[in-house]
Colleague: 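After the structure tokens below, expect a handful of questions from me.
Labels below follow one simple rule: chain letters A, B, ... track the order of the sequence lines, proteins then strands, and each chain is numbered from 1. Atoms considered below: every heavy atom in the structure, side chains included; atoms not considered: hydrogens, waters and symmetry mates. Just so it is clear, the model here is predicted, and its values are computed rather than measured.
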Amino acid sequence: MAASPTIRVQNEDFHLQTEIDRLVAGRTDIGAVVTFSGLCRDDGGSLNALELEHYPGMAEAEMRRIAELAIARFSLQGLTAIHRFGKIAPGENIVLVIAASRHRQAAFDGANFVMDFLKTAAPFWKKEHLADGSTGGWVSAKDADDKARDKWR
Amino acid sequence: MAASPTIRVQNEDFHLQTEIDRLVAGRTDIGAVVTFSGLCRDDGGSLNALELEHYPGMAEAEMRRIAELAIARFSLQGLTAIHRFGKIAPGENIVLVIAASRHRQAAFDGANFVMDFLKTAAPFWKKEHLADGSTGGWVSAKDADDKARDKWR
Amino acid sequence: MKVKLVYFAWVRERIDKPEEEIELPDAVVTAGDLLRHLKTLGDGYEAALQYPEVIRVAVNQEHVDHDEPIAGAREIGIFPPMTGG
Amino acid sequence: MKVKLVYFAWVRERIDKPEEEIELPDAVVTAGDLLRHLKTLGDGYEAALQYPEVIRVAVNQEHVDHDEPIAGAREIGIFPPMTGG
């Protein structure tokens with residue numbers, strides 16, 4: 001039976017260790033766990049926060065669809081994907097993906113696959129709020145993200 | 001200036017969240033953190049423990065060499081590699097690698113690269129202790145691990 | 001056909017409402033037809049849908065291409081390319 | 001040349017000691033020469049080094065190929081392929 005993914009879209013922060021523990025607790029059939037955390041970055045010191053908007057309902061549904069594709073494709077033992085919305089300050093968490101599998105490459109590929117599709121297909125949008133109080137506008141989608149996704153074809 | 005890796009070889013367990021926090025605390029230039037945890041797996045229920053032997057001194061030195069290659073190759077912002085030794089029961093942690101970078105693919109590649117070289121070049125050996133009290137012998141090296149390493153050529 | 005439209009990100013900002021119910025003319029068959037129709041409804045719609053080729057459409061919360069029919073839609077989402085993750 | 005040898009995993013078990021200091025004949029120049037020499041020292045060594053091509057050698061805690069010279073070595077590690085991670 002295929003593993004059932006844990007999907008959450010939430011305003012509050014997540015706790016990586018809690019989520020890993022939930023995935024592997026009491027199991028001895030998992031040999032590899034890969035986590036990806038995406039954080040709000042601010043190289044120049046000009047960003048006050050990112051504001052994450054999402055399409056409620058569809059965001060969860062797309063994340064679940066992507067997660068189930070990854071579980072089937074890489075025979076994952078477990079998968080968790082959590083995406084935050086609302087205002088997120090530099091250094092804070094935005095997204096978490098955890099993939100658990102027997103062998104290491106499947107866990108790496110599973111988490112990487114989910115991130116590539118989540119970037120390009122899950123309905124979330126980022127708006128910049130700058131340190132000077134102005135709005136930096138909406139973050140543009142990147143061709144590089146489409147290319148990263150297309151490596152899984 | 002290149003990031004300096006954190007390398008540890010230890011008997012006691014590690015705590016993933018503590019290690020991530022140590023790597024990213026107070027920083028806003030990190031956009032992606034990938035962790036790999038390798039766990040002692042026991043599909044059939046026949047394993048009592050793995051015993052990890054290592055070459056003290058050389059184990060740390062090899063891990064540091066691999067970590068520094070990864071930092072340079074993928075422009076990582078931070079890297080942590082921890083490997084346990086001694087008896088490890090099914091479900092317990094064996095190894096942890098954390099790679100931090102600006103963008104997600106570098107963090108995935110950095111952690112994956114370190115694991116592939118750690119498997120094939122860091123002087124650790126696994127011996128099986130079976131549930132029936134006997135010794136299952138030393139785990140054999142796998143061709144698949146050499147092939148995984150060679151993908152970075 | 002009456003349908004609920006939901007807008008996100010700068011599409012929402014330019015149309016200046018998060019959602020609305022509208023009555024669609026019979027000539028609107030595909031997602032692309034819908035975008036072309038909305039563009040005629042005023043300056044905000046015109047600004048939001050100026051480059052319809054970049055706009056994404058979801059019917060009942062599933063992505064559709066612009067040439068797909070929207071018949072049977074209860075809710076249609078209209079938004080820019082996604083930038084989450 | 002006098003050198004400290006350290007053994008690991010099943011090489012250690014078969015030779016039945018974790019380390020020793022030995023005096024090497026002048027004819028032992030490379031890592032491969034060393035393995036061939038050790039193999040003549042008794043049954044345990046013979047069993048440990050039966051298939052020398054799979055054995056790994058480290059000079060002063062750095063991997064070397066079998067055709068590399070071991071001159072200047074203070075410590076030489078001899079062990080099977082690694083299986084950590």
Side-chain angles (χ1 to χ4, degrees), chain B residues 7 9-10 36-41 50-66 81-86 88 93-97 111-128 135-146 148-149, chain D residues 3-22 30-32 34-35 38-39 43-85:
Chain B
I7 304 295
V9 175
Q10 63 190 37
F36 176 87
S37 309
L39 290 85
C40 176
R41 192 162 50 86
L50 284 177
E51 186 175 355
L52 267 288
E53 178 170 337
H54 74 297
Y55 187 165
M58 182 173 171
E60 291 86 342
E62 272 298 300
M63 286 169 66
R64 184 171 303 278
R65 190 183 65 78
I66 296 164
I82 302 173
H83 204 302
R84 295 180 65 194
F85 61 82
I88 295 177
N93 290 312
I94 297 173
V95 61
L96 173 66
V97 172
N112 199 340
F113 175 99
V114 168
M115 278 308 302
D116 283 342
F117 280 85
L118 202 150
K119 279 254 170 195
T120 51
F124 291 88
W125 301 271
K126 292 192 184 101
K127 187 177 192 170
E128 293 181 336
T135 290
W138 294 90
V139 172
S140 296
K142 292 187 197 72
D143 287 345
D145 288 330
D146 289 335
R149 177 200 59 205
Chain D
V3 70
K4 179 183 174 190
L5 301 178
V6 290
Y7 307 124
F8 295 97
W10 52 257
V11 170
R12 172 183 55 70
E13 286 184 341
R14 292 178 192 176
I15 292 177
D16 203 22
K17 48 187 130 180
E19 59 179 74
E20 61 184 322
E21 284 223 332
I22 68 166
T30 65
L34 171 64
L35 297 181
L38 289 174
K39 208 171 155 182
D43 288 351
Y45 295 92
E46 170 82 41
L49 305 173
Q50 189 178 4
Y51 303 105
E53 62 278 9
V54 308
I55 300 295
R56 308 300 174 97
V57 180
V59 169
N60 300 338
Q61 306 195 348
E62 285 190 28
H63 293 292
V64 298
D65 289 332
H66 286 194
D67 59 1
E68 289 186 65
I70 58 171
R74 299 176 305 276
E75 177 179 301
I76 300 183
I78 298 176
F79 42 79
M82 287 71 80
T83 56

Colleague: For B/Ala81, which atoms come within 4.5 Å of any heavy atom of chain D: side chain, backbone, both, or neither?
Modeller: neither
Colleague: With B/Glu62, which of D/His63, D/Gln61, D/Met82 fulfils side chain to side chain contact (heavy atoms under 4.5 Å, CB included)?
Modeller: D/His63
Colleague: Classify the angle between the aromatic ring planes of D/Phe79 and B/Tyr55 as parallel (below 30°), tilted (30 to 60°) or perpendicular (above 60°).
Modeller: perpendicular
Colleague: Pick from B/Ala59, B/Ala61, B/Gly57: which one has the most heavy-atom pairs with chain D under 4.5 Å?
Modeller: B/Gly57
Colleague: Check whether B/Trp125 reaches the backbone of D/Pro80 with its side chain - one donor and one acceptor, N or O, closer than 3.5 Å.
Modeller: yes
Colleague: Of the backbone (N, CA, C, O) and the side chain (C-beta and beyond), which part of D/Val54 lies under 4.5 Å from a heavy atom of chain B, both, or neither?
Modeller: neither
Colleague: Any Lys/Arg nitrogen of D/Glu62 or B/Arg65 sitting under 4.0 Å from an Asp/Glu carboxylate oxygen of the other?
Modeller: no
Colleague: Between the side chain of B/Lys127 and the main-chain N/O of D/Trp10, is any donor-acceptor distance below 3.5 Å?
Modeller: no
Colleague: D/Thr83 and side chain to side chain contact (heavy atoms under 4.5 Å, CB included): which partner among B/Glu53, B/Lys119, B/Lys126?
Modeller: B/Lys126
